[in-house]
K.L.:
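Just dropping this structure here.
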Amino acid sequence: MEQILEAALAEAISCCQKTGLIRVKSPQKIVVQPPTDSKLKSPGDLSTNIALELASQARQPPRQIAQAIVDHLHLDNALIAKVELAGPGFINFHVQQAWWYQTLFKIEEQKTRYGDLDLGGGERVQVEFVSANPTGPLHIGHGRGAAVGDVLANILQKAGYDVQREYYINDAGNQMSMLGRSVLARYRQLSGQQVSFPDKGYQGDYIKDIAQQIINEEGDKLSAKPEAEAIAYCTGFASRKILAGIKDVLKDFGVSFDSWFSEQSLYDQGLVEQAIQTLKNREYIEEREGALWLKSSALGDDKDRVVWRSNGEPTYLAADIAYHQHKYRRGFKKVIDIWGADHHGYINRLKAAISALGQDPQSFNVLLVQLVSLVRKGVPVAMSTRQGEFTTLIEVLDEVGVDAARFFFLTRRCDSQLEFDLELAKQQSAENPVYYVQYAHARICSIIRQAQQAGITLPTVHEVDLELLKLTAEIELIKKLAEFPALLKGSALASEPHRLTFYVLDLAGRFHKYYHRQRVITGHEGETAARLALVNSIKTVLGIVLNLLGINAPEQM
RNA sequence: GCGCCUGUAGCUCAGCAGGAUAGAGCAACGGACUUCUAAUCCGUAGGUCGUAGGUUCGAAUCCUACCAGGCGUACCA
């Protein structure tokens, strides 16, 4: 519909240009969209601001331009009921009611595929998220990243991309050896030895639990081994345990990855050296003070960065460069990394590195998710894995449930900080918005069951007289359903999963209002059939969105 | 110091590539269960969109400066 109107407007404008009614030379992009303010007294179904856009160029009053356009507009009466000017020069189109009914046919025909787009054209995209070090359990902040990444991947999939979900396991480097040393220290303490705990070691109780497991399985065998060997054993044992735990929680949280990529594997295959060699060949590496520097300042970074230390060891950045080179070698056209906002200082240097590797930095996107600050009974809780003060994701899931947690993480824009008060979340659980949406779905299921008990089978859209759906609330509901594909598109283009949450809340709200004002199952057979078809369409769309959000769509509550 | 994010109703937040009279939810107050699920609905009240300039026909939205909060600025990961 929008395209039809845009074409008609373009024709009318060029006609006005020729006759000199509108004094513009270069054509402006015409946009037809639903009016932004739905509370308007007489809202047009679709609206364009083109006359306002043209006003300054034409040096003519916008209303005069709008009038000229309208006078030259040729539209099919079967589609458009009325065209009118409004406000400073908006042109509003009132679409024929019958046109909206097509949405219902589309939903019935496409079912769960309703809203599918071909935005991506099958292009391969990778979404990498969570990627927490296997040095401790996932905390609440990782939960937000997991929810955002998972839902974004779902959205992109529905928008026609070939999406891979990957978790990058930072299983190499100092942090890992610190993990091993922490576990070994606890192992020795549990074995009755007096040993000091390493500075900046991991202090959480889970370290003791792991040490105890080693004792259970290996006894005191480790004490006899050389230090380095014992540390290596502890590191390997602990990281396997922790990673297994991470995988379990993510599974419980409804997040599944296509690929778990090990940082260590980059070293094992010599890919880190290879990546640095690529950069050398491309002359982006410089040796200074015994270290190798990436000349990133020439590529938009604040300064140059060390990739190979003077002590002969690569930096974390070197591994990350190799990792991203590997991503491109695997054929991804678009690479999306989801990071905690505390890593934002890292974007420019990695972007610079990607340019240096010869890849288009535009193809590399980082979605920053602002930190979750955890509050318990009003008291802020620090979330440092090292100090062992954190609330794990699993604890949060136990308290508020998977559906509520996922929904809560997505009720905010990514770049807005989230304060998660566990007490509040518990208190609100009965009134949590997620139930509001699920309840709408369950309610519709209940109506359909009720109808079936009364011997009324759920009609197809073709079988009913849609003209009976003529209440404002009904048309508004259908319009809301019609909006969904465009919403999904915007959400995919902007990488903004939260839009789905707000959409589904709105849709559920409109349904609840409708439910209270009108009965679906009435004495009138035709009316009942038409309304059943309508609510069934709503149910389909609610189901699609809940599915994208990874939240259950219950048949009853 | 420099950089990134945020600042919208008492609280938590929307506001989609500037558009029409800035919207929800919660909390507050007043109502609705012989009716398809009251996990719901209806009504009332609540605002110099951090401040000051600028761009424009038009700014919560774009630009500049400042104020406040958060985060970052390693040969750590």
Side-chain angles (χ1 to χ4, degrees), chain A residues 31 33 35-41 43 47 49 52-53 55-56 59 61-62 86-90 92 133 135 170 172-176 178 200 263 288-293 302-303 305-311 313-317 319-320 340-348 368 370-371 373 411-419 421 424 428-436 438-440 442-451 453-454 486-487 489-491 493-494 496 498-499 501-503 505-506 509 511-522 528 531-532 535 556-557:
Chain A
V31 180
Q33 58 187 356
T36 45
D37 189 351
S38 55
K39 286 261 167 114
L40 289 172
K41 281 174 197 159
S47 176
N49 63 351
L52 295 157
E53 296 280 353
S56 65
R59 302 195 157 280
F90 291 96
N92 291 342
N133 291 0
T135 54
N170 296 124
N174 296 343
Q175 302 291 342
M176 292 308 292
M178 183 57 77
K200 297 181 183 172
E263 180 187 3
R288 287 204 302 263
E289 301 151 22
L292 295 184
W293 298 71
D302 297 342
K303 48 184 169 183
R305 307 288 174 177
V306 171
V307 290
W308 217 279
R309 291 188 276 245
S310 50
N311 68 4
E313 285 180 19
T315 60
Y316 178 81
L317 179 61
D320 228 3
D342 53 337
H343 290 86
H344 78 252
Y346 210 74
I347 296 177
N348 282 344
L368 285 181
Q370 286 295 324
L371 303 182
S373 58
T411 47
R412 227 136 291 193
R413 261 163 43 236
C414 286
D415 45 17
S416 172
Q417 285 168 221
L418 172 62
E419 192 178 80
D421 190 320
L424 205 67
Q428 288 184 340
S429 63
E431 291 163 344
N432 195 305
V434 70
Y435 299 118
Y436 184 82
Q438 290 182 319
Y439 188 48
R443 233 179 193 172
I444 295 172
C445 292
S446 174
I447 294 169
I448 293 169
R449 275 196 304 271
Q450 199 75 28
Q453 276 166 25
L487 178 105
K489 184 178 176 186
S491 184
L493 286 175
E496 291 187 349
H498 76 275
R499 291 191 197 179
T501 327
F502 286 92
Y503 172 81
L505 274 168
D506 190 4
F511 165 71
H512 284 308
K513 282 187 218 303
Y514 177 66
Y515 171 89
H516 274 270
R517 289 184 175 172
Q518 311 297 334
R519 286 187 63 82
V520 173
I521 302 167
T522 67
T528 302
R531 288 181 176 179
L532 278 172
V535 297
Q556 56 187 8
M557 287 171 76

K.L.:
Establish, from distance only, whether the side-chain atoms of A:Tyr316 and A:Asn174 form a donor-acceptor pair under 3.5 Å.
P.N.:
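No donor-acceptor contact under 3.5 Å links the two side chains.
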K.L.:
What distance, rounded to whole Å, do you find between the two P atoms, one in B:C11 and one in B:G47?
P.N.:
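So the two P atoms sit 12 Å from each other.
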K.L.:
Which atom pairs link the protein and nucleotides 55-62 of chain B when you take only N or O atoms and keep those under 3.5 Å?
P.N.:
residue, atom, partner, partner atom, Å
B:C57, N4, A:Leu52, O, 3.2

K.L.:
Quick one: do the A:Arg531 and A:Tyr514 side chains pair a donor with an acceptor below 3.5 Å?
P.N.:
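Their side chains do contain a donor-acceptor pair, which is all the 3.5 Å distance test asks for.
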K.L.:
Distance check needed: B:U6 P versus A:Asp342 CG, whole Å only.
P.N.:
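Checked: the CG to P distance equals 16 Å.
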K.L.:
If you find the nucleotide of RNA chain B closest to A:Gln518 and the one closest to A:Asn311, which residue's nucleotide is nearer the 5' end?
P.N.:
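The residue closer to the strand's 5' end, by nearest nucleotide, is A:Gln518.
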K.L.:
From CG of A:Asp302 over to C1' of B:C4, roughly how many Å is that when rounded to an integer?
P.N.:
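Checked: the CG to C1' distance equals 11 Å.
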K.L.:
Considering only atom C1', compute the distance from B:A24 to B:C62 and round it to an integer number of Å.
P.N.:
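Those two atoms are separated by 26 Å.
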K.L.:
For A:Tyr515, report the nucleic acid contact type (base, sugar-phosphate, nothing); a contact means any heavy atom under 4.0 Å.
P.N.:
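The answer is base, as A:Tyr515 lies within the cut-off (heavy atoms under 4.0 Å) of a base atom.
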K.L.:
Is A:His512 touching bases, backbone alone, or none of the nucleic acid, heavy atoms closer than 4.0 Å?
P.N.:
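The answer is sugar-phosphate, as A:His512 gets under 4.0 Å only of primed atoms, P, OP1 or OP2.
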K.L.:
Just call it for A:Gln438: base, sugar-phosphate, or nothing, with non-hydrogen atoms closer than 4.0 Å on any strand.
P.N.:
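Contact class for A:Gln438: none.
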K.L.:
Do A:Glu289 side-chain and B:C75 base share a donor-acceptor contact under 3.5 Å?
P.N.:
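Side chain to base: pair found, below 3.5 Å.
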K.L.:
Should B:A17 be called syn or anti, with syn set as within 90° of 0?
P.N.:
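With its glycosidic angle within 90° of zero, B:A17 counts as syn.
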K.L.:
Between A:Ser310 (side chain) and A:Ala291 (backbone), is there a donor-acceptor pair under 3.5 Å?
P.N.:
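Pair absent, no side-chain N/O of A:Ser310 close to backbone of A:Ala291.
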K.L.:
In terms of ring plane angle, is the pair A:Phe511 and A:Tyr515 parallel, tilted or perpendicular, where the classes change at 30° and 60°?
P.N.:
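The arrangement is tilted - the two ring planes meet at 30° to 60°.
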K.L.:
To the nearest Å, how far apart are A:Phe502 CZ and B:A14 P?
P.N.:
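Rounding to the nearest Å, CZ of A:Phe502 and P of B:A14 are 5 Å apart.
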K.L.:
Using a cut-off of 4.0 Å on non-hydrogen atoms, how would the nucleic acid contact of A:Gln370 be classed: base, sugar-phosphate, or nothing?
P.N.:
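Here A:Gln370 touches the backbone only, sparing every base.
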K.L.:
Hey, is the main chain of A:Arg499 close enough, under 3.5 Å, to the side chain of A:Ser491 for a donor-acceptor pair?
P.N.:
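No: the side chain of A:Ser491 does not pair with the backbone of A:Arg499.
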K.L.:
Touch check for A:His343, heavy atoms < 4.0 angstrom, all strands: base, sugar-phosphate only, or nothing?
P.N.:
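Result for A:His343 = base.
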K.L.:
Quick one: label A:Tyr316 by what it contacts on the DNA or RNA (base, sugar-phosphate, nothing), any heavy atom closer than 4.0 Å.
P.N.:
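Touches a base.
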K.L.:
In this structure, how many angstroms lie between the C1' atom of B:G3 and the CZ atom of A:Arg305, rounded?
P.N.:
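Taking CZ of A:Arg305 and C1' of B:G3, I get 11 Å after rounding.
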K.L.:
Could you check whether A:Thr411 gets within reach of a base, just the sugar-phosphate, or nothing at all, counting any heavy atom under 4.0 Å?
P.N.:
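Counting heavy atoms under 4.0 Å across all strands, the contact made by A:Thr411 is with sugar-phosphate only.
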K.L.:
Please state whether the base of B:C75 and the side chain of A:Ser310 form at least one donor-acceptor pair under 3.5 Å?
P.N.:
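Pair found.
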K.L.:
Expressed in angstrom and rounded to an integer, what is the separation of A:Phe511 atom CZ from B:A39 atom P?
P.N.:
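It is 14 Å, rounded to the nearest whole Å.
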K.L.:
Over all strands shown, is A:Ala442 touching base, sugar-phosphate only, or nothing at heavy-atom distances under 4.0 angstrom?
P.N.:
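Base contact - A:Ala442 has a heavy atom under 4.0 Å of at least one base atom.
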K.L.:
For a quick test of reading the model: is some side-chain N or O of A:Lys513 closer than 4.0 Å to OP1 or OP2 of B:C42?
P.N.:
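Yes, such a contact exists.
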K.L.:
Report yes or no: is the ring centroid of A:Phe90 under 5.5 Å from the six-membered base ring centroid of B:A20, with the two planes under 30 degrees?
P.N.:
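It does: the two rings, one from A:Phe90 and one from B:A20, meet the stacking criterion.
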K.L.:
Within less than 4.0 Å of OP1 or OP2 of B:A14, is there a side-chain N or O belonging to A:Arg413?
P.N.:
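Answer yes for this pair, as a side-chain N or O of A:Arg413 is under 4.0 Å from OP1 or OP2.
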K.L.:
Which residue lies toward the 5' end of RNA chain B, A:Trp293 or A:Arg443, if each is placed at its nearest nucleotide?
P.N.:
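Its nearest nucleotide lies further toward 5', so the answer is A:Arg443.
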K.L.:
Please work out the stems of RNA chain B from pairs that are Watson-Crick or G-U wobble with both distances under 3.5 Å, keeping only runs of three or more consecutive pairs.
P.N.:
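Stems (3+ consecutive pairs) listed as B:1-7 with B:67-73, B:10-13 with B:23-26, B:28-32 with B:40-44, B:50-54 with B:62-66.
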K.L.:
Under 3.5 Å, is there an N or O donor on one side and an acceptor on the other linking the side chain of A:Asn92 and the base of B:A20?
P.N.:
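Such a pair exists between side chain and base.
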K.L.:
Taking the same atom, P, in B:G7 and in B:U12, what whole-Å distance lies between them?
P.N.:
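So the two P atoms sit 12 Å from each other.
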K.L.:
Classify A:Glu313 by what it touches in the nucleic acid, base, sugar-phosphate, or nothing, heavy-atom distance under 4.0 Å.
P.N.:
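If one applies the 4.0 Å heavy-atom cut-off, A:Glu313 turns out to touch nothing in the nucleic acid.
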K.L.:
Is the shortest side-chain N/O distance from A:Arg499 to OP1 or OP2 of B:C16 below 4.0 Å?
P.N.:
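It does not, given that no N or O in the side chain of A:Arg499 lies less than 4.0 Å from OP1 or OP2 of B:C16.
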K.L.:
Does A:Leu532 reach the side chain of A:Ile447, with side-chain heavy atoms less than 4.5 Å apart?
P.N.:
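SC-SC contact between A:Leu532 and A:Ile447 confirmed.
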K.L.:
Using a heavy-atom cut-off of under 4.0 Å over every strand shown, decide if A:Arg519 touches base, sugar-phosphate, or nothing.
P.N.:
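Contact class for A:Arg519: base.
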K.L.:
Distance-only, no hydrogens or angles: does the A:Thr315 side chain make a donor-acceptor pair with backbone N or O of A:Val307 under 3.5 Å?
P.N.:
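Here the side-chain-to-backbone pair exists.
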K.L.:
Could you tell me if the side chain of A:Gln370 sits less than 4.5 Å from the side chain of A:Leu418, heavy atoms only?
P.N.:
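In short, these two side chains do not touch, never coming nearer than 4.5 Å.
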K.L.:
Identify whether any heavy atom of A:Lys489 sits under 4.0 Å from a base atom; if not, whether one sits that close to sugar-phosphate; answer base, sugar-phosphate or nothing.
P.N.:
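Here A:Lys489 touches no strand at all.
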K.L.:
For a quick check of understanding: with a heavy-atom distance under 4.0 Å over all strands, which category does A:Ala341 fall into, base, sugar-phosphate or nothing?
P.N.:
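Touches sugar-phosphate only.
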